[in-house]
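Okay, so here's the structure we're looking at.
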Amino acid sequence: MSFDRPGRVSMRMRQLLVKTLREAPAEAELASHRLLLRAGLVVPLAAGLYCFTPLGWRVIRNVERIIREEMNASGALEVHLPALHPIELWEQSGRAALMGQTLFRLTDRKEREFALGPTHEEVISYLASRTIQSYRDLPVTLYQIQTKFRDEPRPRGGLIRLREFTMKDAYSFDTGWETLDASYDAAFAAYRRIFQRAGVPVVPVAADSGAIGGKDSQEFVFLTDAGEDTILLCPGCSYAANAEKAEFVPPPPVPGEPAPLERVHTPGKRTIAEVAAYLGVEPRQTLKAVFYRADGNPVFVAIRGDLEVNEVKLKNALGAREVEPMDEAAVREYGLVAGSASPVGIEDIPVVADTSAVEAVNLVGGANVPDHHLRNVNYGRDWNASLVAEIALARAGDACRACGTALETRRGIEMGHVFKLGTLYAEKMGVYYLDESGERRPCVMGCYGIGVERMLAAIIEANHDSDGIAWPWEVAPFDVHVVVIGAGEPPIATAVAEVEAALSAHGLEALIDDRDDSPGIKFKDADLLGMPARLTVSPRSLERGGVELRFRRGGETAVLPANEAASAIAKARTDTLGAGPS
RNA sequence: CGGGGUGUAGCUCAGCCUGGAAGAGCGCUGCGUUCGGGUCGCAGAGGCCACAGGUUCAAAUCCUGUCACCCCGACCA
């Protein structure tokens, strides 16, 4: 029936080093992490490093196959770049310092410095600069599936955050922003198909474009409580953004006419909640002071008391590379009165104000004197800021900027990222082309990434039950799990050979459990390992005229002749896949 | 980097408080048994009790330090 999958064969379980565990190691908490270990797909080596077993690697290869097919279908060209990078490339782009300790560094025998690539914008730019010369070469999208190295401060969640991992990274090169939109849209569409085929439900969300600059940036997020990112979703207009990027309207201020400034004694009251309660006002009627360092320089941030600072928005507003909370020693050094600080009278340190603090009237703020606060603090009259910007963190219940509906928050895992880079890298790394008029111009770039191992984790998170994994067809290590009961008896051996031939003829691959174990163990392992279809060959099934067919996701069991069973599996597979690869 | 937790057999864990011969279940090997949802029996193999130092006649156990791993946070192109 389906002969489009050449070279597919069955494998014997006892030769495949499939070692399932009845219990998962105690440290594994996520369902995907536990099942990866229990099913024997991976073996941990060190924090953020995993070995893949033959079974686990087959899934990885399937995910990569889907990615290749869809990237190729979108017109992208596969390349391969070194993982070992001369450090000069990273200094040229300025990211050697930006990446900080995340960058793995090493030195060769001649004392030349290298980095293990955490990503490949620099190297792809190098390749592009040597190959792209004319507008006639554009547009072009290059991609690779390659190992990345990142010295993460905290690897976590099994395959969710690794220190060495595989990424499909793609980079588009265009003559201008208009055609970049087309390249970006093509990558976006390919990503949708990839995640759909792999069985990972994702939502595209607006993301921060970070210090690199650039324009649009979207993440494909798999919504799950196991996620490490916070996503804001609008039930009204389907606006979706991650917490760093999310735009919103904070609760309105309490209206009023400016009243005279008044100093009050607030003994021992330091937090917003304490001060507000003591003075009988709402938190949104207070002014909160937070101290940061931006690229080493002190920054005084003023924001309404009921809101929190979004450090990414603050960083972007300042145009800073790095923003971090000021440590206590520095707070003392600058003479700031933690607990009673306010921008009133602050002169030595630049003040950044959130719009919320500027628009509200008669706020309660610190007096910059211990145990004292000020009533009726008003912007413009009592204090000023060197920069006013929206730097507040969106929270559940805040109003959607677009439609006013209350936003909801969910946790999610970033599965992929598409990003309009612009000309920044092209200029720094020298990726230029000659346009029709012979003028030298920088390429407009986009970049697009998917984490392969993370896909495996997400596939399991999204496709499992209490018995184990339930692989989607396209990524399953095998199509069929053949449970052999009573192996060793000649009629059974004959039947198994018949089943193998029938499956092979239908282009199906099978994992044949030929182990000398009890039926109970085999059925439990079949559920745990999660192949989409299961065939049982036993004396009982032969008596009933064939082999027993059952699908992992439930449904009725049926006893059929081997050939009909194989045919039914092939049909189920095709029906589920629909039109198949695009 | 801050907070919390855990390191004893391949896995899950007991033993530590109160120092005195290293244990159980699962898994693994062999023999037998059983054969449709983690059979049963017998016999085995397997441990530098994370590492280092200290206290003690004696340390898995008490003390100090280090390392590793996990969780929360910070961080995360």
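Just so you know, these numbers use all the heavy atoms, side chains as well, and skip hydrogens, waters and symmetry mates. In what follows, every chain begins at residue 1, and chains take the letters A, B, ... in the order their sequences are listed.
- Contact annotation for A:Ser541: base contact, defined as any heavy-atom pair under 4.0 Å involving a base atom.
- Judged by distance alone, with hydrogens and angles left aside, A:Arg38 brings a side-chain donor or acceptor within reach of the base of B:rG38, the pair sitting under 3.5 Å.
- In this structure, B:rU66 and B:rA50 make a Watson-Crick or G-U wobble pair, each of the two defining distances being under 3.5 angstrom.
- Using a 3.5 Å distance cut-off with no hydrogens or angles, the side chains of A:His120 and A:Lys148 do pair a donor with an acceptor.
- Counting only heavy atoms from C-beta on, A:Arg22 has its side chain closest to B:rG38 among B:rG38, B:rG37, B:rC70.
- Across all strands shown, B:rC42 pairs with B:rG30; the Watson-Crick or G-U wobble distances both stay below 3.5 Å.
- Backbone-only contact: A:Glu311 has heavy atoms under 4.0 Å from sugar-phosphate atoms and none from a base.
- A:Tyr191 places none of its side-chain heavy atoms less than 4.5 Å from the side chain of A:Val202.
- In summary, the side chains of A:Thr166 and A:Glu453 do present a donor paired with an acceptor at a separation below 3.5 Å, with no hydrogens or angles considered.
- Counting any heavy atom pair closer than 4.0 Å across all strands shown, A:Pro118 reaches no nucleic acid atom.
- Pairing for B:rA74 is absent, judged as Watson-Crick or G-U wobble with the two contacts each under 3.5 Å.
- The residue A:Gly158 sits apart from the nucleic acid: no heavy atom pair falls under 4.0 Å.
- The separation of B:rC17 from B:rG30, taken at their C1' atoms, amounts to 42 Å, rounded to a whole angstrom.
- Across all strands, A:Ala24 comes closer than 4.0 Å only to sugar-phosphate atoms, never to a base (heavy-atom distances).
- Distances shown here put a side-chain N or O of A:Arg156 below 4.0 Å from the OP1 or OP2 atom of B:rC72.
- Residue-level contact check: A:Asp525 touches the bases, meaning some heavy atom is under 4.0 Å from a base atom.
- Backbone-only contact: A:Glu29 has heavy atoms under 4.0 Å from sugar-phosphate atoms and none from a base.
- For A:Arg544 against B:rG36, no side-chain N or O and base N or O form a donor-acceptor pair under 3.5 Å.
- Rounded to whole Å, the C1' atom of B:rC26 lies 23 Å from the corresponding atom of B:rC70.
- Residue A:Arg154 places its side chain closer to B:rC71 than to any other of B:rU12, B:rC76, B:rC71.
- Contacts of A:Glu548 with the nucleic acid, taken as non-hydrogen atoms under 4.0 Å apart, include base atoms.
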